[in-house]
Amino acid sequence: MNCKICKGSTTLIFNALVLEQHDVAYYFCNECDFIQTEEPYWLQQAYQDAVSIYDVWSVARPIANSEIVSRIIDQYFPKTNLPFLDYGGGSGIFVRRMRDIGFDFIRSDAFSKNLFARCFDISDFPNQNQFGLVTSFEVFEHLPNPLDDVNSLFKLSNSIFFTTSIKPSIVLNPNDWDYISPFHGQHVSFYSVKALHKIAELSGSKLLTDGKSIHLLTKENVSFDNEKFISVIHNYRNGILNKSLFWLGKKIINISNNFKSKNRISLSENDSQNIINKYQSKNLNK
């Protein structure tokens, strides 16, 4: 196979039993260190349940991400008047949380049902095609053709903030890195920092990264001081997800209080009234 990112030559590094039934080949790019599976013919089966039963962080992650994204927007995109888009937004917990603390977020996800951000889905805004920032959490490892998806997202926004774990220096078998996760079959693309820089080059953008799991691709004229980027997000890396839920609850209260001092007003009350008005109007017109 040629590399899905740089088109370079690849080397078969191992096979793994995906979904406990498919013998799948994994290839390493000799140019940009990207790892990809063979063409993922099993994805329809893998997404019969959009949220993997193995993903026990599906609540803690969006709570933690709300803090880091609020920091990123205030640091790099404070003047945008455009709404924000969460791509691959799952059940909508993150979008609901961001709206609660004053950020105009909309959800998009082709595989998962919107449970918590109803009325704030991309389908509710058919004329909205430009966003101040696209976020995408734990999605890039699911993309069979990541460069195509990045180019598509750049048609919606000049900036993409995303998380995906950077591969270790050596991965010789699926047991070397638990992120391979062949048992659920949804992870098919695995990145090195070099591969992300190649994506930036080919998409005409710049990359900021903590070198571990948090990344920003942007075409905006922002500061490309990578150390500053890391300092902005350091609370995330310093163990937000490893703290107790009690600690997370205290942090959420502090986050909400902090936003009052930054003149951000929760959208929750306004959202609630708009939804009531919308559905009351529908009922009256029946």
Can you check side-chain hydrogen bond (donor to acceptor under 3.5 Å, both in side chains) on Tyr179 and Glu141, steps first, answer last?
CA-CA 9 Å; Tyr179 210 60; Glu141 62 275 11; 3.1 Å; yes
How long is the span from the OG atom in Ser108 to the CZ atom in Phe120, to the nearest 0.5 Å?
16.0 Å
Give the table of side-chain donor-acceptor pairs shorter than 3.5 Å for residues 17-26, with sequence neighbours excluded, one pair per line with atom names and distance.
{"residue": "His22", "atom": "NE2", "partner": "Gln45", "partner atom": "OE1", "Å": "2.9"}
{"residue": "Asp23", "atom": "OD1", "partner": "Asn15", "partner atom": "ND2", "Å": "3.3"}

Do any N or O atoms from the side chain of Gln128 and from the backbone of Gln130 form a donor-acceptor pair under 3.5 angstrom?
yes
Non-hydrogen atoms of Phe131 and Ile106 that approach each other most closely
CE2-CD1, 4.0 Å
In this structure, would Phe125 and Leu85 fall into the same cluster of hydrophobic residues linked by side-chain contacts under 4.5 Å?
yes
Any Phe224 side-chain heavy atom under 4.5 Å of Leu208 side chain
yes
Test your reading of the model: is there a side-chain donor-acceptor pair from Asp210 to the backbone of Ile214, 3.5 Å cut-off?
yes
Specify the closest pair of heavy atoms between Ala200 and Leu217, including all atoms of both residues, with the distance to one decimal.
CB-CD2, 3.6 Å
Would you say Phe190 and Ile180 make side-chain contact, with heavy atoms under 4.5 Å?
yes
pair Thr135-Phe137: side-chain heavy atoms closer than 4.5 Å
yes
Does any N or O in the side chain of Trp177 come within less than 3.5 Å of the main-chain N or O of Pro168, such that one atom is a donor and the other an acceptor?
no
Transitively linked via ILVMFWY side-chain contacts under 4.5 Å: Ile93 with Leu115?
yes
Pairing residues for Asp104 by the side-chain contact (heavy atoms from CB on, under 4.5 Å) criterion, not counting sequence neighbours
Pro83, Arg99, Leu267
Evaluate the side-chain contact (heavy atoms from CB on, under 4.5 Å) criterion for residues Phe161 and Ile68: first the C-alpha distance (whole Å), next the side-chain angles of each, then the deciding distance (0.1 Å), finally the verdict.
CA-CA 10 Å; Phe161 181 82; Ile68 181 59; 3.9 Å; yes
In this structure, CZ of Phe103 is separated from CD1 of Ile73 (nearest 0.5 Å) by 5.0 Å
Assess the side chains of Asp100 and Ser266: does a donor N or O sit below 3.5 Å from an acceptor N or O?
no
What's the shortest heavy-atom distance between Ala117 and Gly92, and which atoms?
CB-O, 3.7 Å
Presence of salt bridge, Arg118 and Asp124, under 4.0 angstrom
no
Enter the distance from Ser136:OG to Asp86:CG here, rounded to the nearest 0.5 Å.
7.0 Å
Quick one: closest heavy-atom pair of Val134 and Ser157, and the distance?
CG2-CB, 3.7 Å
Rounded distance [0.5 Å steps], NZ in Lys79 versus CG in Leu82
15.0 Å
If I take atom CD from residue Glu31 and atom SG from residue Cys3, how far apart are they, to the nearest 0.5 angstrom?
8.5 Å
N/O donor-acceptor pair under 3.5 Å between Ser112 side chain and Asp109 backbone:
no
Can you confirm whether Gln36 sits close enough to Cys29 that some side-chain heavy atom of one is under 4.5 Å from a side-chain heavy atom of the other?
no
Does Thr80 reach the main-chain N or O of Phe77 with its side chain, forming a donor-acceptor pair under 3.5 Å?
no
Please say yes or no: joined through hydrophobic side-chain contacts below 4.5 Å, possibly via intermediate residues, are Leu207 and Leu202 part of one cluster?
yes
Show your working on side-chain contact (heavy atoms from CB on, under 4.5 Å) between Leu196 and Val193 and close with a plain yes or no.
CA-CA 5 Å; Leu196 293 183; Val193 171; 5.6 Å; no
Between Ile13 and Tyr27, is any pair of side-chain heavy atoms under 4.5 Å apart?
no
Is Ile160 close to Leu216 at the side-chain level, that is, under 4.5 Å between some pair of heavy atoms?
no
Minimum-distance pair of heavy atoms, taken over all atoms of Arg71 and Val232
CD-O, 3.3 Å
Please determine if Lys4 and Glu39 form a salt bridge, counting it only when a charged side-chain N lies under 4.0 Å from a carboxylate O.
yes
Pairs meeting criterion ring-ring contact (aromatic ring centres under 6.0 Å, His included) with involvement of residues 198-221, two or more places apart
Phe162-His215
Can you name the nearest heavy-atom pair linking Arg107 to Ser91, along with the distance?
NE-C, 4.3 Å
Distance flag, aromatic centroids of Tyr191 and Phe34, threshold under 6.0 Å:
yes
Atom pairs and distances, side-chain donor-acceptor, residues 142-155, under 3.5 Å, sequence neighbours left out:
{"residue": "His142", "atom": "ND1", "partner": "Tyr47", "partner atom": "OH", "Å": "2.6"}
{"residue": "His142", "atom": "ND1", "partner": "Gln186", "partner atom": "O", "Å": "3.4"}
{"residue": "His142", "atom": "NE2", "partner": "Glu138", "partner atom": "O", "Å": "3.3"}
{"residue": "Asp149", "atom": "OD1", "partner": "Tyr87", "partner atom": "OH", "Å": "3.4"}
{"residue": "Asn151", "atom": "ND2", "partner": "Leu147", "partner atom": "O", "Å": "3.3"}
{"residue": "Ser152", "atom": "OG", "partner": "Asp148", "partner atom": "O", "Å": "3.1"}

Sidechain-backbone polar pair: Ser192 side chain, Ala195 backbone, donor-acceptor under 3.5 Å:
yes
Side-chain donor-acceptor pair under 3.5 Å between Thr11 and Asn30, yes or no?
yes
Between Leu43 and Tyr41, is any pair of side-chain heavy atoms under 4.5 Å apart?
no
Thr163 vs Phe140 side-chain heavy atoms within contact, under 4.5 Å:
no
Residue pairs passing the side-chain hydrogen bond (donor to acceptor under 3.5 Å, both in side chains) test where at least one lies in residues 219-229, sequence neighbours excluded:
Asn158-Glu220
With sequence neighbours left out, the residues meeting ring pair (Phe, Tyr, Trp, His ring centres under 6.0 Å) with Phe105 are Phe84, Phe94
Main-chain N/O of Leu133 paired with Ser159 side-chain donor or acceptor, under 3.5 Å:
no
Out of curiosity, Lys113 NZ to Asp121 CG, how far, rounded to the nearest 0.5 Å?
12.0 Å
